[in-house]
Protein chains: 2
Amino acid sequence: MTPSRGPGRRPGTPDTRGEVLTAARTSFADKGFERTTIRAVAASAGVAPAMVHHFFGSKEDLFLEALAAPFDPRVVLRPVVEGPPDELGLRLARTFVTIWEDESRREPLVALVRGAMTSEPVAAMLRDGFLRIIASVLGPAVAGPDPLLRLQLAISQGLGMELFRYVVKVEPLASTPPEELIQRLAPVLQHHLRG
Amino acid sequence: MTPSRGPGRRPGTPDTRGEVLTAARTSFADKGFERTTIRAVAASAGVAPAMVHHFFGSKEDLFLEALAAPFDPRVVLRPVVEGPPDELGLRLARTFVTIWEDESRREPLVALVRGAMTSEPVAAMLRDGFLRIIASVLGPAVAGPDPLLRLQLAISQGLGMELFRYVVKVEPLASTPPEELIQRLAPVLQHHLRG
DNA sequence: CGGCATATTAAACACATGGCCAATAAGTCA
DNA sequence: TGACTTATTGGCCATGTGTTTAATATGCCG
């Protein structure tokens, strides 16, 4: 077992804060907000629970920081908007799926979307933060009336798919290669956004 | 305040078990599994917390019973399968949205889908129970290769939309009339299932 | 009526949780 | 070196949780 050091600062300059954050990110993505305990996060990072409160104020603050910036939608979505409108769905599908295939970005995303299902504050984050920004960037590229509604339907398709894939883990969806998902998603997104 | 009766059986023949179940269903749909407390359910039903364990064994048993049978997919989906294949998407969209508009059936559905995001056992219920049955009924009506994948994509679109609508509550989706949702959903489902 | 099963309660139990505090060790800088 | 800041710990607290137990009141059946 670990020799269980007593109190006092550790020798060297370990990035304890970062390790706590990483452990938290994994746990939040894995078990959701409620079932993630500060004790478990601390244990997984190999430190005392009080460290979490030392570096971050509360569990909610930890959560916010763990979710912060899986990517900047404004940057990622720019190339999606700039391009031939009749391939908007394809570009969005490809960008979307690619991001979700990157594990380091998937974890905060799973944590965010899953958290939104459980906690109203997190739902508000998704609704008034993330979706709002996405709408402002992608909105102008949407054709026809009710652009917001169209956008939300498109995104709900994408998120629903990823939820099924990575949270519910239903087969064969969970094992389908990304490229095929892109091909299946593209026409649907295209129809929602410009049909 | 209520006169706070002491212990002992109540006069009359009140359906306490049913009231507890109803309260539980609402709370599970409203706050999810973790944030639903037995005490709150009991209070909402106007009885002592111990009643919950008297009638149902544990919190998990309560949850399972609260989720049981919002409807029988085999019955509901039969008319969807029987009909012109080029309107399969429309019939499925209409049936799907209609069920979700009925509050008494929506509650257990929200609880189920939301629970699947948090708890693996519930995810298994959704995956190996619900989706399995749906696949067995709807499967034969799907055209082309990978019928299961097609079905899962279609359902993920539907559930994603309802999650956005009733859990995240994002506008304007949350306030869009059902009939419009049906019209927007229909072609997408049709494409997934028979495109 | 008498006796048993059932409903119902208050109280308590064991435990986990988030948060906080005081003490201690290590680094930093004059 | 010495003063000060920062990291790190064990231990504590108040709270809330699911669950159990013993006691009590009501209904039901012979």
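As a basis for the values below, the full set of heavy atoms in this structure was taken, side chains included, without hydrogen atoms, waters or symmetry mates. All of these numbers come straight from a predicted model, not from anything done at the bench. Reminder, nothing fancy here: chain letters follow the sequence lines and each chain counts from 1.
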Let me know the distance between CD of B/Glu34 and P of C/dG18, rounded to the nearest Å.
12 Å

Check each residue of residues 16-28 of chain A for a non-hydrogen atom within less than 4.0 Å of any atom in DNA chain C, then write out the ones that pass by number, or none.
none

Could you tell me how far apart A/Glu60 (CD) and C/dT17 (P) are, to the nearest whole angstrom?
17 Å

Value in whole Å for how far the P atom of D/dA7 lies from NE2 of A/His53:
16 Å

Classify the side chain of A/Arg39 versus the base of C/dG18 as yes if they form a donor-acceptor pair under 3.5 Å and no if they do not.
yes

So how far is it from A/Asp72 CG to A/Ile133 CD1, rounded to the nearest 0.5 Å?
7.0 Å

Proximal nucleotide (of C/dT9, C/dG18, D/dA7) relative to the B/Ala50 side chain:
C/dT9

What is the distance, to the nearest angstrom, from the NZ atom on B/Lys59 to the P atom on C/dA16?
16 Å

Any idea how A/Phe28 and A/Phe63 line up, ring-wise: parallel (<30°), tilted (30 to 60°), or perpendicular (>60°)?
perpendicular

Whether over 12 other heavy atoms sit under 6.0 Å from A/Glu103 CD:
no

Is it true that a side-chain atom of A/Arg114 and a backbone atom of A/Asp30 form a donor plus acceptor pair closer than 3.5 Å?
yes

Tell me the interatomic distance from A/Asp15, atom CG, to D/dT6, atom P, rounded to whole angstroms.
17 Å

With a 4.0 Å cut-off on heavy atoms, is B/Val47 in touch with a base, just the backbone sugar-phosphate, or nothing at all?
sugar-phosphate

Within the structure, does a side-chain N or O atom of A/Arg10 lie under 4.0 Å from either OP1 or OP2 of C/dG27?
no

Mind calculating the distance between CZ (B/Phe63) and P (D/dG18) to the nearest angstrom?
13 Å

B/Met51 side-chain proximity, nearest of D/dT9, C/dT9, D/dG18:
C/dT9

Distance-only side-chain donor-acceptor flag, A/Thr118 / B/Glu34, under 3.5 Å:
no

Just checking A/Pro49: base, sugar-phosphate only, or nothing, at a heavy-atom cut-off of under 4.0 Å?
nothing

Length of the CG-C1' vector between A/Leu62 and C/dG19, whole Å:
13 Å

Find out whether the Lys NZ or Arg CZ of A/Lys59 is both under 6.0 angstrom from the six-membered ring centre of A/Phe33 and within 45° of the ring's axis.
yes

Between B/His54 and C/dA7, is there a side-chain N or O to OP1/OP2 distance below 4.0 Å?
yes

Give a yes or no on whether a donor-acceptor pair under 3.5 Å exists between the nucleobase atoms of D/dT6, that is its base, and the side chain of A/Arg9.
yes

Judged by modelled atom types alone, do A/His192 and A/Gln152 share a side-chain donor-acceptor pair under 3.5 Å?
no

If you pin B/Pro7 and A/Pro7 to their nearest nucleotides in DNA chain D, which one's is more 5'?
A/Pro7

